[in-house]
Every structure is written in structure tokens, then in C-alpha cells.
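This report concerns only the one structure given below.
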Amino acid sequence: MMSSIDEVAGGIILWKDRVRNSIPNLFTFGNLYCGFLAIVMAAKGDFQNATLLIVIAMMLDSLDGRLARMLGVAGDFGKELDSLADIVTFGVAPAMMAYYTYFYEFGEVGLLISALFPLFGAFRLARFNLSATNVASAYFSGVPITAAGGILAVVTLFSGRMNDLMVPLVFTGLAFLMVSRVKIPSFKDIPVPRHTFVITFTLLYVTYVMIARSNEWSTFWFVAVPLYIAFLLFSFIKKKKQKQHSNGL
């Protein structure tokens with residue numbers, strides 16, 4: 001009788017561990033699915049929704065690692081899965097947007113140039129995985145592919161309102177910054193407050209509704225997004241100053 005109870009208890013514990021290990025991976029799969037949908041949207045010429053999907057994927061990507069560390073399940077499998085998702089969502093999808101909005105004019109040469117972005121991104125991810133540790137670092141070596149892909153997607157979205165040289169300049173700059181050794185501040189040491197999630201998803205939802213109703217970008221996007229970026233930067237600077245002050249004490 002006792003052995004049966006022990007087996008049931010062991011099975012419950014094992015099931016809980018599997019569920020806990022799966023939670024961060026679900027966010028990673030969500031990131032990958034958004035990347036796939038963004039590629040489909042870009043192929044259809046729907047760059048607005050493609051960009052929106054990449055922004056959502058950026059949020060999911062920022063959560064899976066945090067959840068893995070919070071739950072104590074960070075490991076090699078999750079790291080490799082995250083890299084595979086990132087190369088699709090933040091490498092291939094933005095590169096396709098850049099191709100369909102600008103580089104398609106150059107034919108096969110444009111295809112070769114567009115392919116550089118995911119290639120450089122894959123190199124950056126491979127180098128990061130080899131040098132990464134379980135201890136969160138205050139800096140990244142080179143621009144993360146998540147940030148590079150998100151910036152490129154937004155730039156290509158507004159390419160029609162910018163100088164013709166903007167897309168190739170941003171594309172080239174981000175590609176080389178990904179494989180560079182430039183120190184980029186990391187936001188991993190900033191605890192994510194609950195209201196940040198509310199602000200983020202509210203911002204995404206309102207943006208989507210406005211696009212769906214008017215089929216064009218309203219001034220809301222140009223005001224809310226810069227304000228939100230400023231809020232994140234303020235949080236980072238505030239947290240850094242508090243950390244320096246506590247170390248000084």
C-alpha cells in the first residue's frame with residue numbers, strides 16, 4: 001500500500017517538474033510562431049501586422065529566459081531552442097521585410113544582401129551560446145539579434161516615409177553590430193514589475209485596434225512607443241543608480 005502511495009507521489013512530483021520545465025518553452029514556441037506568421041505577412045505585403053508580430057515576439061523572448069531563471073529550470077535545451085526561434089523571428093522575418101520593401105529592386109543581388117542579416121545573426125547567436133553562462137551579465141557583446149531584428153522591422157515599415165538610404169544603412173549597421181564586440185547594456189538585472197506587462201500588452205492591443213479600424217498608422221504609435229521606450233530607459237538608469245548606491249554602502 002505504501003509503495004503505491006509513494007509511486008503516486010513520485011508521479012505527481014515528476015509531472016510538476018515537467019510542467020515547470022515546459023512553461024518557459026511555451027513562450028519560446030510563441031516567439032517562433034509569431035516569427036512564422038510575420039514571414040507569411042511579409043510575403044503578403046502586410047508589413048504592419050508583420051511588425052506587430054515581431055514586437056509581440058520580442059516580449060515573449062524577454063519573458064522565457066526570465067521565467068526559466070525564476071523557476072530554476074534554465075538549461076542548455078531552452079537556450080538552444082531560444083536561439084532557433086530567434087534566428088527565424090528576428091533574423092529571417094526582418095530580412096524578408098527588408099527584401100520586399102527595398103532590396104527586391106536589385107534582383108538576385110538583393111537576395112544575397114538580404115541573406116546577410118540572418119547569417120550574421122546566426123553567427124552572433126552561436127558565439128553567444130558558446131560564451132554564455134548561467135550568471136546574468138550587465139552587458140552584451142554586440143547587439144542582440146532580438147533588438148537588431150526589431151529595429152530593422154520598424155525601419156522597413158516606415159521606409160516609405162524615410163530617405164531611400166535609410167534601410168540599407170540601418171540594415172548594414174545592425175548586421176555588423178551583431179557580430180561586433182561593442183558592449184551593449186543588458187536589461188536582465190531589472191526586475192519586471194507587474195504594471196510593465198499591463199502597459200506593454202495594452203499598448204500592443206490599442207495599436208492593433210487602431211490599425212485594424214483605420215488601416216493606417218495613427219499618431220498614437222509615434223507618441224506612445226517613444227514614451228514607452230523612454231520609460232524602459234528610465235527604469236534601467238534608476239535601477240543601475242540604485243545598484244551603484246547599494247554597492248557604495
Side-chain angles (χ1 to χ4, degrees), residues 27-28 30-64 82-105 110-111 113-122 124-125 140 142-179 184 187 200-201 203-208 210-212 215-218 220-222 224-226 228-229 232:
F27 282 82
T28 305
N31 165 14
L32 179 58
Y33 186 62
C34 285
F36 166 74
L37 291 179
I39 292 173
V40 174
M41 294 298 174
K44 292 182 178 180
D46 188 355
F47 303 119
Q48 293 180 355
N49 282 325
T51 302
L52 184 61
L53 286 163
I54 291 176
V55 172
I56 294 173
M58 291 176 69
M59 296 306 306
L60 295 174
D61 182 68
S62 68
L63 291 176
D64 58 4
D82 184 68
S83 294
L84 292 173
D86 286 351
I87 194 60
V88 174
T89 305
F90 308 112
V92 177
M96 288 191 65
M97 291 181 64
Y99 172 76
Y100 284 121
T101 57
Y102 183 84
F103 291 114
Y104 74 95
E105 299 178 357
L111 279 173
I113 295 174
S114 300
L116 291 177
F117 196 82
L119 291 177
F120 280 37
R124 198 255 176 217
L125 288 169
F140 289 115
V143 175
I145 189 174
T146 306
I151 294 172
L152 180 60
V154 173
V155 169
T156 55
L157 178 64
F158 297 109
S159 60
R161 306 179 185 181
M162 300 178 180
N163 188 282
D164 292 339
L165 294 177
M166 183 61 66
V167 172
L169 287 176
V170 172
F171 181 95
T172 305
L174 290 174
F176 282 99
L177 282 173
M178 281 194 292
V179 298
I184 306 297
F187 292 86
T200 300
F201 288 107
L203 176 63
L204 293 175
Y205 177 75
V206 173
T207 302
Y208 177 79
M210 287 187 170
I211 296 171
N215 199 31
E216 62 182 15
W217 293 91
S218 67
F220 174 82
W221 178 268
F222 299 98
V225 172
Y228 183 59
I229 293 174
L232 293 177

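Heads up: numbering here begins at 1 and tracks the sequence.
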Test item: [X] and [Y] side chains (from C-beta on) under 4.5 Å apart, heavy atoms:
| X | Y | value |
| --- | --- | --- |
| Met97 | Ile54 | yes |
| Thr28 | Leu60 | no |
| Gln48 | Asp46 | yes |

Least distance between heavy atoms, [X] atom then [Y] atom:
| X | Y | result |
| --- | --- | --- |
| Leu53 | Met41 | CD1-CG, 4.0 Å |
| Ser114 | Tyr99 | OG-CB, 3.3 Å |
| Met166 | Val155 | CG-CG1, 4.0 Å |

dist Asn49:CG -> Cys34:SG (nearest 0.5 Å) comes out at 11.5 Å

Sub-3.5 Å donor-acceptor pair from the side chain of Arg124 to the main-chain atoms of Gly142, do we have one? yes

I'd like to know whether Val154 forms a side chain to side chain contact (heavy atoms under 4.5 Å, CB included) with Thr51, so could you lay out the CA-CA distance, the side-chain angles of the two residues, the decisive distance to 0.1 Å, and finally the verdict. CA-CA 6 Å; Val154 173; Thr51 302; 4.1 Å; yes

Residue list, ring-ring contact (aromatic ring centres under 6.0 Å, His included) with Phe103, at least two apart or on another chain: Phe171

For Thr101, enumerate each residue passing the side-chain hydrogen bond (donor to acceptor under 3.5 Å, both in side chains) test, keeping only those at least two apart in sequence or located in another chain.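 Partners of Thr101 under the side-chain hydrogen bond (donor to acceptor under 3.5 Å, both in side chains) test: none.
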
Quick one: side-chain hydrogen bond (donor to acceptor under 3.5 Å, both in side chains) partners of Thr156, sequence neighbours excluded? none

Listed by chain and number, what are the side chain to side chain contact (heavy atoms under 4.5 Å, CB included) partners of [X], not counting sequence neighbours?
| X | answer |
| --- | --- |
| Tyr102 | Phe106, Val167, Pro168 |
| Leu174 | Phe117, Ala148, Ile151, Leu152, Val170 |
| Phe36 | Tyr33, Val40 |

Could you give the side-chain donor-acceptor pairs of residues 87-94 under 3.5 Å, partners two or more places apart or in another chain?
unit_1 : atom_1 : unit_2 : atom_2 : d
Thr89  : OG1    : Asn31  : O      : 2.9
Thr89  : OG1    : Asn31  : OD1    : 2.9
Thr89  : OG1    : Ala85  : O      : 3.2

